[in-house]
Chemist: 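Quick one: this structure, given as C-alpha cells, is what I'll be asking you about.
The structure displayed is predicted, hence computed values, not measured ones. In what follows, chains are A, B, ... by sequence order, proteins preceding strands, each numbered from 1.
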Protein chains: 2
Amino acid sequence: MYYSKSAKYAIQAMIYLAESNQEDLIMVSEIAEAYKIPKSFLSKITRTLGKHNLLKTTRGRNGGIQLSKSADDIKLIHIVEAIDGPEAGCERCGFGFDACSDDEPCPFHHKWGHIIKDAHSFIKTESLAELLAESLQE
Amino acid sequence: MYYSKSAKYAIQAMIYLAESNQEDLIMVSEIAEAYKIPKSFLSKITRTLGKHNLLKTTRGRNGGIQLSKSADDIKLIHIVEAIDGPEAGCERCGFGFDACSDDEPCPFHHKWGHIIKDAHSFIKTESLAELLAESLQE
DNA sequence: TGGCTTTAGGATATTATTATCTTGTTTGAT
DNA sequence: ATCAAACAAGATAATAATATCCTAAAGCCA
C-alpha cells in the first residue's frame, strides 16, 4: 500500500465515526471489531488522532470517541500526516534517485511524478464526507 | 514510496546497466557507489535479479553483471515483481477495506483505485529503454 | 599453480513497523 | 463509596525490512 497500515487503520476508524451519528460516542473496541484491527493498536492510533485534534475522546463508562469536527472539514491528508508524519503526504517523485526535481528530473520524474501528484492531490482534497457520499452513489 | 526500497535499488541498478554499453560487465560495487546503496545489500538484490533472468552475472576477475536481454524487453514490473514478489504489481485498490472489489467497492474504490491502476499500468508497460529515452528528452 | 578479484550464499545485526500486555486514570452507575 | 467500564500511557514482544559480515566458489592472470 501507499501509506502505512497504521494510516489505513486510522482512516478506517475515521470513516466509521463519520458514518455514525456525530453525537454518539463510539467505543474503540467496536471499531476494532468491525474492521478486525487489534484493539490496543487501534487505541494507540486513536490517541494520536486525538492529539492532532481529529477526534475527541471521552473516558469512563459510556465513554468513547467521536469526530472533533464535521466530516466535511477533515481531509484524508490530515489523517495520514497525523499518523505517518508530515512527509507522508509530500509529492516528491520518490521512485528513483536522489537527484530528482523539476530541474534535474530522474528517469521517472515525468510519468511517475504525475501519478504521485494525482495520489497526493486526492488525499489532499478529499474529505471524509465526500468519500462517504461517493461510496453511497451506487 | 510505492514499492520497497529494495525494488528501488533494483531498478536503479538495472537503469545503470541499461545506460552502459550492453557488452560491458559492470561491477556491483560500481553501481553501489554510484547510487550510495550498501554494496552487500545490492549484491543480494542483483543475485535475485539474476535468478529471475533479468541479468547475467560473471564471477571472477573482470567479472560483473550485465542485462540478460535488451532494455526494450525489460519492463519495470518484471523488476518489481522479482524483488517484492508477484503481489507487488497487483492492482487491487488496497487503501481501504477487506471488502473491496468492483462489485462491493470500498469508499476509496473509484478514485483511489484509478490512481492505483495508473501506477500499475505504468510499471507494466514501461520498459527500461523507454524510461531512458524519456529522461533524455530535455 | 597460486594469488587476486569478483559474485554466491548464508549467518547475523540493526531498525522500523506492527502487535500485545499491564497498569493508571477518568467517569458513570449502583 | 465502590465498582466496573472505557480510554491513556508506557513497557515489552513479534515480525518484516534493511544492512553487514564472513566464508565459499569461480574465473583471470602472472
Chemist: Looking only at non-hydrogen atoms, find the nearest pair between E19(B) and L132(B) and report the distance.
Modeler: CG-CD2, 3.6 Å

Chemist: Does a nitrogen or oxygen in the side chain of Y9(B) sit under 4.0 Å from OP1 or OP2 of dT18(D)?
Modeler: no

Chemist: Can you check each nucleotide of nucleotides 21-30 of chain D against protein heavy atoms at under 4.0 Å and return B for base, S for sugar-phosphate only, - for none, in 5' to 3' order?
Modeler: B---BBBBS-

Chemist: What closest approach, in Å, do Q12(A) and Y35(A) show between heavy atoms, and which atom pair accounts for it?
Modeler: O-CE1, 3.3 Å

Chemist: Taking only residues two or more places apart in sequence or in another chain, which ones pass side-chain hydrogen bond (donor to acceptor under 3.5 Å, both in side chains) with D72(A)?
Modeler: S70(A)

Chemist: What contact category does K51(B) fall into here, base, sugar-phosphate, or nothing, at under 4.0 angstrom with non-hydrogen atoms?
Modeler: sugar-phosphate

Chemist: Could you state the CG-C1' distance from L49(A) to dA8(D), rounded to the nearest angstrom?
Modeler: 14 Å

Chemist: For G50(A), report the nucleic acid contact type (base, sugar-phosphate, nothing); a contact means any heavy atom under 4.0 Å.
Modeler: nothing

Chemist: For DNA chain D, what residues of residues 18-27 of chain A have any heavy atom nearer than 4.0 Å?
Modeler: I26(A), M27(A)

Chemist: State whether S6(A) places a side-chain N or O below 4.0 Å from either non-bridging phosphate oxygen (OP1 or OP2) of dT18(C).
Modeler: yes

Chemist: Do any side-chain atoms of residues 39-52 of chain B form donor-acceptor pairs under 3.5 angstrom with protein atoms, and if so which ones, sequence neighbours left out?
Modeler:
residue: S43(B); atom: OG; partner: R47(B); partner atom: NH2; Å: 3.4
residue: T46(B); atom: OG1; partner: L42(B); partner atom: O; Å: 3.4
residue: T46(B); atom: OG1; partner: S43(B); partner atom: O; Å: 2.9
residue: T48(B); atom: OG1; partner: K44(B); partner atom: O; Å: 3.2
residue: H52(B); atom: ND1; partner: T48(B); partner atom: O; Å: 3.1

Chemist: Quickly work out the L17(B) CG to dT7(C) P distance and round it to whole Å.
Modeler: 11 Å

Chemist: Atom CD1 of I11(B) and atom CD1 of I74(B): how far apart are they, to the nearest 0.5 Å?
Modeler: 12.0 Å

Chemist: What closest approach, in Å, do Y3(A) and A119(A) show between heavy atoms, and which atom pair accounts for it?
Modeler: OH-O, 4.4 Å

Chemist: For a quick test of your reading: what N or O donor-acceptor pairs under 3.5 Å do the side chains of residues 56-68 of chain A make, sequence neighbours left out?
Modeler:
residue: Q66(A); atom: NE2; partner: Q22(A); partner atom: O; Å: 3.3
residue: Q66(A); atom: NE2; partner: E23(A); partner atom: O; Å: 3.3
residue: S68(A); atom: OG; partner: N53(A); partner atom: O; Å: 2.6
residue: S68(A); atom: OG; partner: L54(A); partner atom: O; Å: 3.2

Chemist: Check the distance between dT22(C)'s P and K39(A)'s NZ and give it to me in whole angstrom.
Modeler: 13 Å

Chemist: Would you please confirm or rule out a distance under 4.0 Å between OP1 or OP2 of dA19(C) and any side-chain N or O of K5(A)?
Modeler: yes

Chemist: Is any side-chain N or O of T57(A) closer than 4.0 Å to OP1 or OP2 of dA8(D)?
Modeler: yes

Chemist: Taking all heavy atoms of S127(B) and all of A71(B), pick out the closest pair and write down the distance.
Modeler: CB-O, 3.6 Å

Chemist: In whole angstroms, how far is the C1' atom of dA16(C) from the CG atom of D84(A)?
Modeler: 12 Å

Chemist: Excluding sequence neighbours, so at least two apart, what forms side-chain contact (heavy atoms from CB on, under 4.5 Å) with T125(A)?
Modeler: none

Chemist: Please state how far atom CD1 in I37(A) lies from atom C1' in dT17(C), giving the value in whole angstrom units.
Modeler: 16 Å

Chemist: Calculate the interatomic distance between E33(A) atom CD and dA6(D) atom C1'; express it in whole Å.
Modeler: 15 Å

Chemist: Between dA8(D) atom C1' and L55(A) atom CG, what is the distance in whole Å?
Modeler: 13 Å

Chemist: If I take atom CG in residue L42(A) and atom C1' in nucleotide dA8(D), what distance separates them, rounded to the nearest angstrom?
Modeler: 14 Å

